[in-house]
Amino acid sequence: MKKTLVIFFILLLTTPLIITHDNNTIKSNDLFNFIKSQHFRVKQWKIYEEEKLGTAKNYKQFRDMINSLGIKADSSNWKYEREEFHHFQAAGFYHDGSSGLYIERKILGIYNSGQYEITMGQTVTGDSESEFKRVRIENVSKKNQEQFFYTIISSRKEHYTNKAMEILANNILKHFSAKKSEALVENDLISISANSKLINSSIPLRNKKKMNLQVAVRTLGGETTLTVGVPIIITDY
C-alpha cells in the first residue's frame, strides 16, 4: 500500500528511533523460524538504516564527502539534486553479484544555520536468511546509526479467509509478546500495529500508544502474503 511508504518516510523525519544492539530487538532466527513454522516461504527481506555523515559548507564539500566514501554504484555517476540554501541530494544503486544483494543509497544534505547536515539512508534487499543475519549484525554495530528498520516478506499458496488472516496475525503478536496498538481490516487484508515487550525501542502513535512491530496479511489470487516489519513495514503490502 502506497500510504504505508508515506507514513514510513514521515516517521523517518520525525521519530528519533534508535535500535543499536541485538538484545533490543527480536532475534532474526526466531522470526524466520516462526514464519516457516506457519508454512510460509520467505520471498524477500529489506533492511533500512540511516546514519549521520557530518556537515558540509557548500555543494563542493558535499560532492567531496561522497567521493571520499568510496561507495560503489552501478551507474557511472550518482544522480544529484541541488537546491542552494535548502538541500543537496545524491542517489545511487548497487547490485552485489557475489551476495545477490541490492543496495539503494540516498545521501541528503539539509541546510541548517549556515551549513548542510548530511545523512545517508541505505536500503539492502535480499532473499537469503544467512545474508540477512550478516547484514543485520554489521548494521547494529555502527555507533553513529540513527535509524534501523527491517521487513520480511513471505507467502503461501493458499487462500486465507479474513478470519484465518486474523488468527495468523494474532498468533504472531502472541508469540512475540506484543499488544495490539491499532489495526486496519479490509477485504482480503489485515494490518496490525503492535508493541512488543521484546523490543526496547518504539514509535509513538497519534492515539498515545506505541508500536515496534507491524504485521500485514493479504490474500490475492490464491496466494496469501505475510509481511512482518520491525518497528514498521518499509515496503508495500
Side-chain angles (χ1 to χ4, degrees), residues 1-20 43-128 131-132 134-153 201 203 227 229-237:
M1 298 176 69
K2 291 183 179 179
K3 59 186 177 184
T4 305
L5 296 180
V6 173
I7 294 171
F8 167 60
F9 286 113
I10 291 173
L11 287 168
L12 291 187
L13 295 175
T14 60
T15 306
L17 177 78
I18 303 175
I19 301 178
T20 56
K43 298 170 59 178
Q44 189 183 78
W45 53 260
K46 290 179 179 287
I47 289 177
Y48 175 86
E49 63 165 328
E50 183 179 292
E51 59 180 300
K52 292 181 179 179
L53 297 181
T55 60
K57 292 183 178 180
N58 51 47
Y59 185 63
K60 182 180 182 302
Q61 287 189 3
F62 176 72
R63 294 286 297 261
D64 289 344
M65 178 181 291
I66 294 172
N67 292 335
S68 69
L69 294 173
I71 298 174
K72 296 179 180 179
D74 284 341
S75 57
S76 56
N77 295 297
W78 289 81
K79 292 183 179 180
Y80 287 93
E81 290 181 13
R82 177 179 180 180
E83 188 173 339
E84 295 288 348
F85 307 113
H86 188 269
H87 80 277
F88 302 142
Q89 178 176 292
F93 175 84
Y94 175 66
H95 175 232
D96 187 338
S98 61
S99 66
L101 298 179
Y102 291 86
I103 303 167
E104 299 174 73
R105 296 185 177 97
K106 183 176 289 185
I107 302 175
L108 186 64
I110 300 295
Y111 187 77
N112 183 28
S113 302
Q115 63 183 4
Y116 296 85
E117 298 176 354
I118 315 300
T119 59
M120 180 173 71
Q122 173 175 280
T123 302
V124 182
T125 303
D127 55 19
S128 163
E131 285 296 328
F132 176 90
R134 180 183 64 81
V135 173
R136 185 166 172 271
I137 289 171
E138 289 178 356
N139 287 355
V140 297
S141 65
K142 294 182 178 179
K143 294 181 180 180
N144 59 338
Q145 187 180 74
E146 290 294 305
Q147 309 274 3
F148 183 71
F149 301 75
Y150 67 87
T151 293
I152 300 174
I153 306 161
S201 300
I203 294 173
T227 307
V230 177
I232 189 171
I233 293 172
I234 58 174
T235 185
D236 291 347
Y237 57 84

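Residue numbers start at 1 and run along the sequence shown.
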Trp78 and Arg105: which non-hydrogen atoms are nearest, and at how many Å?
-> CZ3-O, 4.0 Å
Please report the closest heavy-atom contact between Tyr80 and Ala90, naming both atoms and the distance.
-> CE2-CB, 3.5 Å
dist Ile232:CD1 -> Ile203:CD1 (nearest 0.5 Å) comes out at 5.0 Å
Under 3.5 Å, which donor-acceptor pairs link side chains of residues 112-121 to any protein atom two or more places apart or in another chain?
residue, atom, partner, partner atom, Å
Asn112, ND2, Glu117, OE2, 3.0
Tyr116, OH, Phe85, N, 2.7

Ser99: what forms a side-chain contact (heavy atoms from CB on, under 4.5 Å) with it, not counting sequence neighbours?
-> Asp96, Leu101, Glu131, Arg134
Can you name the closest pair of heavy atoms from Thr151 and Thr227 and give their distance?
-> CG2-CG2, 3.5 Å
For His87, all residues meeting side-chain contact (heavy atoms from CB on, under 4.5 Å), sequence neighbours excluded | Glu81, Glu83, Gln89, Leu108, Ile110
Trace of the ring pair (Phe, Tyr, Trp, His ring centres under 6.0 Å) decision for Phe88 with Tyr111 | CA-CA 8 Å; Phe88 302 142; Tyr111 187 77; 8.6 Å; no
Just by modelled atom types, is the Ser128 backbone N or O under 3.5 Å from a matching donor or acceptor in the Trp45 side chain?
-> yes
Atom pair CD1 (Ile152) and OG1 (Thr235), whose distance is rounded to the nearest 0.5 Å = 13.0 Å
Please report the C-alpha distance between Lys46 and Thr125 in whole Å, then the side-chain angles of each, then the deciding distance to 0.1 Å, and finally whether the side-chain hydrogen bond (donor to acceptor under 3.5 Å, both in side chains) criterion is met.
-> CA-CA 5 Å; Lys46 290 179 179 287; Thr125 303; 3.0 Å; yes
Pair Tyr48-Glu50, side-chain hydrogen bond (donor to acceptor under 3.5 Å, both in side chains): steps then yes or no | CA-CA 7 Å; Tyr48 175 86; Glu50 183 179 292; 3.0 Å; yes
Could you label the plane-to-plane angle of the Tyr102 and His95 rings as parallel, tilted or perpendicular, counting under 30° as parallel and over 60° as perpendicular?
-> parallel
Take Glu104 and Lys106 through the salt bridge (Lys or Arg N to Asp or Glu O under 4.0 Å) test and state the conclusion after the steps.
-> CA-CA 7 Å; Glu104 299 174 73; Lys106 183 176 289 185; over 6 Å; no
To the nearest 0.5 angstrom, please state how far the CD atom of Gln61 sits from the OG atom of Ser68.
-> 11.0 Å
Is any side-chain heavy atom of Thr55 closer than 4.5 Å to a side-chain heavy atom of Lys57?
-> no
Approximate separation, where rounding is to 0.5 Å, of Ile234 CD1 and Ile47 CD1 | 8.5 Å
With the side chain counted from C-beta on, respond yes when Val230 and Phe149 share a heavy-atom pair under 4.5 Å apart, and no when they do not.
-> no
